[in-house]
Amino acid sequence: MSLHPPLHRRALAGTAATALAVALVAGGALGASAAPDGSGRSTLRALAQSAAGLKIGTAINTDQLGSNTRYDQIAGSQFSTVTPENVMKWDAIEPKRGQFDYTAADELVRFARQHHQLVRGHTLVWYNQLPQWLVDLGPFLTSKQTAAILKQHITEEMTHFKGKIWQWDVVNEAFNEDGTLRDNLWLEKIGPSYIEKAFRWAHEADPKALLFYNDYNIEYAGPKQDGAYALVRGLVRKGVPIDGVGFQTHLDTQYGIPDLETSMQRFANLGLRTAETEVDVRTTLPVTATEQSAQNAGYSESLQACLLVRACISYTVWGFGDAYSWIPGVFAGEGSADLYDANLVAKPQYFALQSVLRTAKGVPHRS
Ligand code: G3I
């Protein structure tokens, strides 16, 4: 997968803490509840709630959940929403045709309920992590058969979780960097209307869930964002039931920080919610002082942007511990992208988010 952004990026240096200069002032304690880790610090979720009614989330690695006490304790206390990193994807849910396995996903939903958390469902329509039976069958399917399989998948999975999911990533990563639609099974067999159809089927299955289009690199102005914008605007104008756009926000210190406030506001102006759905900030290893401060800025500025855009209802990091991050497996020589180190000790990135939330004042409150 390519998560390399286009070239016209703001340089990283000197951008930190400009966006919120007006809206944020130094503030004191917010009366938020303390983390159960003996530190006496308020949790991210309590600070975010108190500052702006904002939900703070994390992707969850269900291999850790229930077997790693410290992991559970951080996941349950610091965050107010959770996203399954892998276990609601099609290959996990229907590994064999017609045989569904909701064990791990149900466990996560239970964990969320116990900890008074909302769930972001991820993801229903994607080109990746499809079960092998579908990959093998794909070339032989007609357009009608493909649409029937996709509808059945959306309906079956959303019905299983009906009433338990706050936001669903209905369609994930449908665009190429040049703003054209990504070639995948759905586009090949059904055509561009697969996106509209997916949102309509999703709405039928769970009318109360917020339905999102989710992608990476749309944080930056450019052809990919323009392509997604044109699509989403078209859906809104046709009355297709789409509620929001997710900006994944997988940042890398070498590419600079996007102007997420402007980007999210552009979509919010269509009457949609927005969310940052998969935030992490990777860098080349080992981390130098310069890279550390660039990472802090990546987290701070992306959170500040969400706070400033009233339509931005949640800020989700893509995992919180470096030991479980997807980054080293995909980007050789890069890592340290998360809020906690390999021993689940909070890093400067975590304190950067704490500081943004503690000093947020006068930002719009989401209801
Ligand atoms: O489940 C199999 C296991 O049976 C097998 O033994 C093992 C051997 O490699 O692989 C396991 O599957 C892995 C899966 O994660 C579950 O752990 C896959 O190899 C691995 O490729 C997969 O990676 C996930 C990746 O999506 C796949 O594209 C990452 O954990 C996950 O963080 C990542 O998440 C995506 C979002 O869904 C969409 N946006 C980008 C983001 C990062 O790539």
Side-chain angles (χ1 to χ4, degrees), residues 1-5 57-68 71 75 79 81-96 99-105 107-108 119-135 153 157 165 167-177 182 184-186 198 212-220 224-225 228 244-252 255 258 275-282 298 302 314-332 334-340:
M1 139 190 263
S2 162
L3 285 175
H4 294 287
T58 183
I60 294 287
N61 178 327
T62 52
D63 292 343
Q64 298 305 312
L65 209 65
S67 60
N68 179 336
Y71 185 94
F79 302 99
T81 80
V82 288
T83 308
E85 184 172 356
N86 285 300
V87 297
M88 283 189 193
K89 293 170 180 173
W90 200 333
D91 62 348
I93 292 295
E94 194 183 1
K96 297 213 169 100
Q99 290 182 23
F100 300 92
D101 182 359
Y102 290 107
T103 319
E107 195 55 47
L108 177 57
V119 181
R120 290 198 85 260
H122 176 84
T123 177
L124 294 163
V125 187
W126 196 20
Y127 69 90
N128 201 2
Q129 285 177 285
L130 296 173
Q132 195 56 44
W133 63 262
L134 181 55
V135 174
H153 166 63
E157 181 162 353
I165 305 291
Q167 304 173 20
W168 262 114
D169 288 333
V170 176
V171 178
N172 194 44
E173 301 175 2
F175 282 91
N176 295 310
E177 294 302 314
R182 187 193 288 270
N184 62 27
L185 176 66
W186 318 117
F212 272 67
Y213 175 73
N214 190 51
D215 213 332
Y216 61 88
N217 282 348
I218 59 169
E219 300 84 14
Y220 300 90
K224 187 169 187 176
Q225 185 189 96
V245 175
F247 295 73
Q248 293 186 6
T249 318
H250 291 291
L251 304 182
D252 184 324
Y255 299 124
E276 290 180 50
T277 55
E278 305 184 14
V279 181
D280 50 24
V281 186
R282 62 188 185 269
S302 57
S314 59
Y315 178 91
T316 297
V317 295
W318 202 240
F320 54 84
D322 284 337
Y324 322 110
S325 170
W326 66 287
I327 299 284
V330 175
F331 297 98
E334 294 193 66
S336 192
D338 293 337
L339 299 177
Y340 292 78

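One-based numbering, in listed order, for ligands and for the atoms of each.
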For [atom], tell me which residue out of [options] has the closest non-hydrogen atom.
atom	options	answer
atom 24 (C) of ligand 1	Asn61, Asp91, Asn86, Thr83	Asn86
atom 34 (O) of ligand 1	Trp318, Tyr127, Tyr216, Trp126	Trp318
atom 37 (O) of ligand 1	Met88, Lys89, His250, Gln129	Lys89
atom 28 (O) of ligand 1	Val87, Asn128, Asp215	Asn128

Next on the checklist: Regarding Ser314 and Gln167, do their side chains bring together a donor and an acceptor under 3.5 Å, going by distance alone?
Outcome noted: yes
Checklist entry - Taking the six-membered ring for Trp, are Tyr324 and Trp318 ring centroids under 6.0 Å apart? => result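 Not under 6.0 Å, so no.
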Item to check | Arg120 and its side chain to side chain donor-acceptor pair (under 3.5 Å) partner, picked from Asp169, Thr81, Thr277 | outcome: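 Answer to the side chain to side chain donor-acceptor pair (under 3.5 Å) test with Arg120 among Asp169, Thr81, Thr277: Asp169.
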Next on the checklist: Could you work out, with side-chain hydrogen bond (donor to acceptor under 3.5 Å, both in side chains) as the rule, every residue matching Asn172, not counting sequence neighbours?
Outcome noted: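 Scan of Asn172 (side-chain hydrogen bond (donor to acceptor under 3.5 Å, both in side chains), adjacent residues dropped) gives Asn214, Gln248.
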Checklist entry - Should Trp126 and Glu173 count as side-chain neighbours, where that means a heavy-atom distance under 4.5 Å? => result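 A side-chain contact under 4.5 Å exists here.
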Item to check | Atoms in ligand 1 flagged as close to Asn172, the criterion being non-hydrogen separation under 4.0 Å | outcome: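 With Asn172 as reference, the close atoms of ligand 1 come out as 38 (C).
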